[in-house]
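Reviewing the structure listed below.
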Amino acid sequence: MSVSRLHLQLFTPPSTTFHQHTPSHLSPPTISFPSIRFPLIRTSSTSQFTTTIPDNNGVPPSASTSPSDLGSIEVDAVTETELKENGFRSTRRTKLVCTVGPATCGFEQLEALAVGGMNVARINMCHGTREWHKTVIDRVRRLNHQKGFAVAIMMDTEGSEIHMGDLAGASSAKAEDGEIWTFSVRAFDSSLPPPERTINVNYEGFAEDVKVGDELLVDGGMVRFEVIEKIGPDVKCLCTDPGLLLPRANLTFWRNGSLVRERNAMLPTISSKDWLDIDFGIAEGVDFIAISFVKSAEVITHLKSYIAARSRDSDISVIAKIESIDSLKNLEEIIRASDGAMVARGDLGAQIPLEQVPAAQQRIVQVCRQMNKPVIVASQLLESMIEYPTPTRAEVADVSEAVRQRADALMLSGESAMGQFPDKALTVLRSVSLRIERWWREEKRYEAMQLPSVGSYFSEKISEEICNSAAKMANNLEVDALFVYTKTGHMASLLSRCRPDCPIFAFTTTPSVRRRLNLQWGLIPFRLSFSDDMESNLNKTFSLLKARNLIKSGDLVIAVSDMFQSIQVMNVP
Ligand SMILES: Nc1ncnc2c1ncn2[C@@H]1O[C@H](COP(=O)(O)OP(=O)(O)O)[C@@H](O)[C@H]1O
Ligand SMILES: C=C(OP(=O)(O)O)C(=O)O
Ligand SMILES: [K+]
Ligand SMILES: [Mg+2]
């Protein structure tokens with residue numbers, strides 16, 4: 001066991017008006033506090049930092065910077081503009097995920113989303129072909145490369161729950177009240193037009209598992225049928241609630257008011273098709289893989305070791321989608337095993353009574369925060385904007401609630417994938433997030449959330465305490481920004497977990513870590529090569545940021561790093 005030092009370096013300005021940007025020539029002499037010594041179990045985090053040459057993905061187009069240019073700092077143009085125009089305090093803290101579909105897959109459309117604040121692009125393997133998704137991935141990459149964005153890519157698996165087939169290429173089909181439709185597990189000859197009012201079902205045991213009298217719900221009740229007859233592989237159903245059937249819509253069946261989970265409860269979480277999609281995701285180097293219908297922690301652990309074995313130096317994060325009764329039952333252990341979670345309210349609302357979804361959302365967001373895992377609130381946030389250019393008041397209230405709960409990210413599904421107003425929907429998410437975040441800060445509504453220790457080693461606990469204290473100091477001293485120098489992103493996520501008042505500038509050496517940090521609340525990720533000398537890192541950062549007018553003399557910052565167990569408070573010289 002060796003000894004390390006915790007030093008609080010306080011470069012205190014002369015007055016208490018820190019936030020009024022004291023000019024540098026008024027800066028007082030340095031006051032050094034005595035070092036506090038205590039034993040520390042050293043981990044690899046104390047090892048020497050090396051300069052990482054970024055991959056193409058993180059390289060901005062500017063001619064003045066090259067991948068090996070150690071004197072460069074990379075941040076996307078939108079963040080840069082936002083910082084310059086509105087100042088630190090007004091940057092958006094809540095991150096935005098957009099599902100890419102036919103409405104947004106073009107390069108210009110993707111660029112418009114990135115300019116509009118998209119932090120993560122989600123591709124849903126339920127729809128489209130792998131080639132289609134590859135084109136989208138390539139375009140996002142090109143966008144990052146050419147325009148300096150760090151948009152991350154999330155691949156979402158199809159999962160093996162029961163769903164309808166493709167509707168033979170039709171974008172939708174209308175089921176009217178009183179009509180009889182056939183749900184069948186038969187494979188139809190794709191060269192022939194499909195039989196009328198017939199829907200293919202992907203689950204082989206379907207005809208055996210349902211009973212006459214069961215209720216069949218499409219997309220959790222958007223359309224409702226009653227099972228009236230079973231003929232071999234065909235199940236005849238009477239439409240009792242008319243509506244629009246969409247391709248690959250989810251199906252659930254209910255008996256005496258309860259969800260039936262017969263053999264379909266035994267379906268594997270990751271189907272063989274999902275494994276091929278996962279191989280595709282690994283080969284493409286996506287940043288996140290979201291797993292649909294997670295039931296237990298084992299599947300996450302298994303997938304994580306699969307990924308680790310396939311791509312030794314890859315850092316693909318695994319996001320557990322909480323959208324089933326089982327996932328709620330095993331919530332804590334699933335989240336502990338995952339790198340993040342999604343409140344997938346679409347399917348969740350088809351599996352539990354709708355009135356229970358808000359409480360489930362709150363619980364999932366809270367557990368993720370306590371376990372220091374990013375959480376995305378998804379589905380139907382602005383559903384009406386698929387068709388209309390303005391949201392309903394109720395939708396705005398729903399978005400506000402997710403922001404108020406301080407979820408890391410909000411997600412658009414159909415609104416951006418196939419809606420008529422993807423950019424407007426994103427603007428609504430952005431402006432509601434900004435407004436609610438500001439309101440929260442103005443009202444000083446600090447929630448008294450207990451943040452339990454999440455690390456297993458003593459050194460990890462020290463890091464947590466440092467971040468908790470730094471965030472608290474940042475609030476009390478009303479500093480302009482927290483700076484964190486982090487190789488893996490862990491220290492940055494610990495600061496994010498505290499949800500401080502000021503933005504967190506996260507400096508990291510690798511483009512992939514920079515992209516992944518884009519999902520976490522309040523983090524502004526920069527790519528920067530840095531050394532193990534904090535003093536020189538700070539000086540370098542100050543001069544690079546000042547040169548780009550991103551900070552100015554007198555700004556008050558608190559800096560932490562995962563190289564040293566220290567908190568430094570200082571004015572920008
Ligand atoms: N890659 C794609 N190709 C075609 N349509 C898509 C694609 N991704 C999404 N969509 C459309 O957008 C809708 C909403 O997307 P999403 O919520 O991800 O899927 P789902 O509704 O199946 O859960 C889908 O129902 C589908 O109509
Ligand atoms: C996000 C969800 O999953 P998907 O869109 O893949 O069904 C959901 O069910 O809310
Ligand atoms: K999916
Ligand atoms: Mg779902």
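Counting starts at 1 for both ligands and their atoms, in listed order.
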Quiz item: Thinking salt bridges, do Asp138 and Arg142 make one under a 4.0 Å N-O criterion?
Solution: no

Between Arg336 and Glu333, is there a side-chain N and carboxylate O pair less than 4.0 Å apart? no

So salt bridge (Lys or Arg N to Asp or Glu O under 4.0 Å) across residues 191-203, not counting sequence neighbours, yields Glu179-Arg197

Checked the Mg ion (ligand 4): protein N, O or S atoms closer than 2.8 Å come out as Glu323 OE1, Asp347 OD2

Tested for side-chain hydrogen bond (donor to acceptor under 3.5 Å, both in side chains) against Asp398, the lone hit among Arg393, Arg345, Gln380 is Arg345

Please tabulate, line by line, the atom pairs linking an N/O of ligand 1 to a protein N/O at a distance below 3.5 Å, with the distance in Å to 0.1, or answer 'none'.
| residue | atom | partner | partner atom | Å |
| --- | --- | --- | --- | --- |
| ligand 1 | 18 (O) | Arg122 | NH1 | 2.8 |
| ligand 1 | 18 (O) | Asn124 | ND2 | 2.7 |
| ligand 1 | 19 (O) | Asn124 | ND2 | 3.1 |
| ligand 1 | 19 (O) | His127 | NE2 | 3.4 |
| ligand 1 | 22 (O) | His127 | NE2 | 2.7 |

Check your understanding: Do any of the N, O or S atoms of Thr157 sit under 3.4 Å from the K ion (ligand 3)?
Key -> yes

Residues 280-317 vs ring-ring contact (aromatic ring centres under 6.0 Å, His included), sequence neighbours excluded, gives Trp275-His302, Trp275-Tyr306

Exercise for the section: Confirm or rule out an N/O/S atom of Asp156, from backbone or side chain, lying less than 3.4 Å from the K ion (ligand 3). Expected result: yes

Looking only at atom types and distance, does a side-chain atom of Lys230 sit under 3.5 Å from a main-chain N or O of Val235, one as donor and one as acceptor?
no

Less than 3.5 Å apart, any donor N or O on the side chain of Gln370 or Gln366 sitting next to an acceptor on the other? no

Hey, is Arg224 close enough to Asp241 for a salt bridge, meaning N to O under 4.0 Å?
yes

Salt bridge or not between Arg527 and Glu74? Use side-chain N to carboxylate O under 4.0 Å. yes

Any side-chain to backbone donor/acceptor pair from Gln356 onto Pro353? Under 3.5 Å, distance only.
no

